[in-house]
Protein chains: 2
Amino acid sequence: MKASSPPLAFPSLAEIEPGRRSRKKNKTRVDLMTAGVKLFATRGFDETTTTEIAELADVSQRTLFRHFPTKESLLYGDMEELRLNLREGLAARPNDEPILTSVREALIPPEEEFREQREHRLLQAQLAARYPSVSAYSRAVVQASWEREIIAAVSKRLGVDPMVDPRPEIIAGASISAIRIATRQWTASSGTANYIELLSDALGMIGSIGELDS
Amino acid sequence: MKASSPPLAFPSLAEIEPGRRSRKKNKTRVDLMTAGVKLFATRGFDETTTTEIAELADVSQRTLFRHFPTKESLLYGDMEELRLNLREGLAARPNDEPILTSVREALIPPEEEFREQREHRLLQAQLAARYPSVSAYSRAVVQASWEREIIAAVSKRLGVDPMVDPRPEIIAGASISAIRIATRQWTASSGTANYIELLSDALGMIGSIGELDS
DNA sequence: TACTTTACGTCAGTCGCTGACATTAGTCAA
DNA sequence: TTGACTAATGTCAGCGACTGACGTAAAGTA
């Protein structure tokens, strides 16, 4: 604990039930993520072994894999909570709001939340740009889970079966693509650009691509 | 060789230069893919080891990894050619055609080509539905490479920089999502549904999602 | 206090994948 | 035909992510 610069408060997806046992378990989880992030940032992803991460967190490698299913999930361990936030954000949107507006608003993080996670998000994006396995995990696990949330929400709102009507999946795919390009633009600027503005702009263009049919 | 039912003509991405050496090399490549497909189909993906595939193809495991970078690429080894087909298809579209039409037409395979590859595509989709590592490869490697082709073609047509204008990436993401949902619908029907019709319908809806803003 | 539960350590093993080096076989020129 | 040269393969040894089995100690509970 007591990370150097930012507190790096990794939220634990599992409820932190009362009791010393649960607190200790959560501590090792946070320690592992902190150790992983530190080594990934300094040495690189492929250049870091899970054994080294476990040693820095002062646990055995076996314990690391009891907390995280893959090496990549150490870097994206906080994404489960973000997914639930997205689910709630989508559900909280009024039913009479245009669907693309609902999706856009639910995908734009609150300024404060973004500021807290800024550094971590930048590291994730930078590592994803450099290491194929990280990029694959981001796409196939993280982004795919967001897609499923969007598909569920949109199909519910439209009152259609997502296995029959392709539109929920298309909207989800377009939305995730907007996130990807905004993140890439932001990463290319080394985090100096205004991410929320980039993301908002990209998401705002989804509704207008039909107008390209000149 | 001499596959049971269909010839299963795996196209080799590398040019088949004249000479016995190149022909033999291509033969081992085809043998490896055939062996992999057979074992994947009967035993399952995770349940098949690369050593078993190599033995069935009568080569060493080391040779397998000289021809294919990953186990998954044995299943998607013919995708490089398909990507080049997509590139050419996109480039062949007239400049004055609406961009979404160009993308749609380039993504819909000719009936004959589809018929030849039908079984193989079905196997790929079924394995991707069952095995996370296959799904991850499909998304992160195959589909991502298609996306890049679409982004390049669309940004060129629109005369914009894809790092500045988010629309090419959004169109690409929506298009790949259309492929995914059409493939899922087709797979859910065990290949009995009309894939080309499903795909055409899904792609056709991209231009109209902006109209959902009631 | 005694009993149960749970997080962790240890150990051994599988499997995807790679570097190094030897060997065979195709190629090509003399 | 012969003798290099080279490209494809085999062999071997090893790394690293990940897992099952089993034991242990600490935390929770009656």
Side-chain angles (χ1 to χ4, degrees), chain A residues 12-33 35-36 39-40 43-77 127 131-134 136-137 140-141, chain B residues 12-33 35-36 39-40 43-77 127 131-134 136-137 140-141:
Chain A
S12 66
L13 60 164
E15 314 306 324
I16 324 166
E17 299 155 17
R20 187 173 315 173
R21 181 133 66 192
S22 184
R23 263 182 289 123
K24 277 199 167 186
K25 184 178 181 180
N26 191 66
K27 176 186 175 342
T28 52
R29 178 189 164 82
V30 172
D31 286 351
L32 280 167
M33 292 186 66
L39 291 176
F40 293 157
R43 216 180 303 182
F45 186 82
D46 289 348
E47 292 76 15
T48 304
T49 70
T50 55
T51 306
E52 290 171 334
I53 299 171
E55 280 173 359
L56 182 57
D58 200 37
V59 294
S60 72
Q61 190 210 30
R62 192 64 180 85
T63 294
L64 186 157
F65 282 109
R66 283 206 182 90
H67 283 265
F68 299 91
T70 62
K71 185 183 176 183
E72 288 78 17
S73 63
L74 275 162
L75 184 60
Y76 288 96
L127 291 174
Y131 299 92
S133 69
V134 177
Y137 184 90
V141 179
Chain B
S12 66
L13 60 168
E15 314 306 324
I16 325 165
E17 297 155 19
R20 187 174 313 170
R21 180 137 63 193
S22 183
R23 263 183 289 123
K24 277 200 166 187
K25 183 177 181 180
N26 191 63
K27 175 185 175 337
T28 52
R29 177 189 164 82
V30 172
D31 287 350
L32 281 166
M33 292 186 66
L39 291 176
F40 292 157
R43 216 179 304 182
F45 187 82
D46 289 348
E47 292 75 16
T48 304
T49 70
T50 55
T51 307
E52 290 171 334
I53 299 171
E55 280 174 358
L56 182 56
D58 201 38
V59 295
S60 71
Q61 190 211 29
R62 192 64 182 85
T63 294
L64 187 156
F65 283 110
R66 284 206 182 87
H67 284 264
F68 299 91
T70 62
K71 185 183 177 184
E72 288 78 17
S73 63
L74 276 162
L75 184 60
Y76 289 96
L127 291 175
Y131 299 92
S133 70
V134 178
Y137 185 89
V141 179

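These numbers were taken from a predicted model, which means no experiment stands behind them. Numbered from 1 within each chain, the chains take letters A, B, ... in sequence-line order.
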For [X] and [N], what is the distance between atoms [atom1] and [atom2] respectively, to the nearest whole Å?
{"X": "L64(A)", "N": "dG16(D)", "atom1": "CG", "atom2": "P", "result": "15 Å"}
{"X": "N26(B)", "N": "dG26(C)", "atom1": "CG", "atom2": "P", "result": "16 Å"}
{"X": "E55(A)", "N": "dT10(C)", "atom1": "CD", "atom2": "P", "result": "11 Å"}
{"X": "D46(B)", "N": "dA17(D)", "atom1": "CG", "atom2": "C1'", "result": "14 Å"}
{"X": "L32(B)", "N": "dA8(D)", "atom1": "CG", "atom2": "P", "result": "14 Å"}
{"X": "Y137(A)", "N": "dC18(D)", "atom1": "OH", "atom2": "P", "result": "10 Å"}
{"X": "L39(A)", "N": "dG16(D)", "atom1": "CG", "atom2": "P", "result": "14 Å"}
{"X": "E47(B)", "N": "dG16(C)", "atom1": "CD", "atom2": "C1'", "result": "15 Å"}

**Prompt:** Which part of the nucleic acid, if any, lies within contact of T48(B), taking any heavy atom under 4.0 Å across all strands shown: a base, the sugar-phosphate backbone alone, or nothing?
**Reply:** sugar-phosphate

Taking OP1 and OP2 of [N], is either one under 4.0 Å from a side-chain nitrogen or oxygen of [X]?
{"X": "T49(B)", "N": "dC15(C)", "result": "no"}
{"X": "T28(B)", "N": "dA8(D)", "result": "no"}
{"X": "H67(B)", "N": "dT9(D)", "result": "yes"}
{"X": "T63(B)", "N": "dT9(D)", "result": "no"}

Contacts of F45(A) meeting ring-ring contact (aromatic ring centres under 6.0 Å, His included) (sequence neighbours excluded), chain-then-number -> F40(A)

Atom pairs, N/O to N/O, protein against nucleotides 26-30 of chain D, distance under 3.5 Å?
{"from": "dA27(D)", "atom 1": "OP1", "to": "K24(A)", "atom 2": "NZ", "distance (Å)": "3.2"}
{"from": "dA27(D)", "atom 1": "O3'", "to": "R21(A)", "atom 2": "N", "distance (Å)": "3.4"}
{"from": "dA27(D)", "atom 1": "N3", "to": "R21(A)", "atom 2": "NH1", "distance (Å)": "3.4"}
{"from": "dG28(D)", "atom 1": "OP1", "to": "R20(A)", "atom 2": "N", "distance (Å)": "2.6"}
{"from": "dG28(D)", "atom 1": "OP1", "to": "R21(A)", "atom 2": "N", "distance (Å)": "3.0"}

Sorted by chain and residue number, the side-chain hydrogen bond (donor to acceptor under 3.5 Å, both in side chains) partners of T50(B) (sequence neighbours excluded) come out as Q61(B)

Hits for side-chain hydrogen bond (donor to acceptor under 3.5 Å, both in side chains) against Y76(B), two or more places apart or cross-chain, chain-then-number order -> none

Inset, instruction - With sequence neighbours excluded, tell me which residues meet side chain to side chain contact (heavy atoms under 4.5 Å, CB included) with T63(A). - result: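 With sequence neighbours excluded, T63(A) shows a side chain to side chain contact (heavy atoms under 4.5 Å, CB included) to V59(A), S60(A), R66(A), H67(A), given in chain and number order.
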
Notebook entry, point to check: Who pairs with S73(A) by side chain to side chain contact (heavy atoms under 4.5 Å, CB included), at least two apart in sequence or on another chain?
Noted result: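 With sequence neighbours excluded, S73(A) shows a side chain to side chain contact (heavy atoms under 4.5 Å, CB included) to F68(A), P69(A), T70(A), Y137(A), given in chain and number order.
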
Side-chain touch R20(A)/R23(A), heavy atoms, less than 4.5 angstrom
yes

Original post:
Is there a side-chain contact between E72(A) and Y131(A) (heavy atoms, below 4.5 Å)?
Top reply: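 No, too far: nothing below the 4.5 Å cut-off.
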
Within the sub-3.5 Å range, which N or O atoms of nucleotides 17-21 of chain C have a protein N or O partner, and how far apart are they?
{"from": "dC17(C)", "atom 1": "OP2", "to": "K71(B)", "atom 2": "N", "distance (Å)": "2.6"}
{"from": "dC17(C)", "atom 1": "N4", "to": "Q61(B)", "atom 2": "OE1", "distance (Å)": "3.4"}
{"from": "dG19(C)", "atom 1": "N7", "to": "R62(B)", "atom 2": "NE", "distance (Å)": "3.4"}
{"from": "dG19(C)", "atom 1": "N7", "to": "R62(B)", "atom 2": "NH2", "distance (Å)": "2.9"}
{"from": "dG19(C)", "atom 1": "O6", "to": "R62(B)", "atom 2": "NE", "distance (Å)": "2.9"}

List the atom pairs, with distances to 0.1 Å, where a side-chain N or O of residues 51-58 of chain B and a protein N or O form a donor-acceptor pair under 3.5 Å, not counting sequence neighbours.
{"from": "E52(B)", "atom 1": "OE1", "to": "R43(B)", "atom 2": "NH1", "distance (Å)": "3.2"}
{"from": "E52(B)", "atom 1": "OE1", "to": "T49(B)", "atom 2": "N", "distance (Å)": "3.0"}
{"from": "E52(B)", "atom 1": "OE2", "to": "R43(B)", "atom 2": "NH1", "distance (Å)": "2.8"}

request  = Check for a donor-acceptor pair, side chain of T28(A) on one end and backbone N or O of K25(A) on the other, with a separation under 3.5 Å.
outcome  = yes

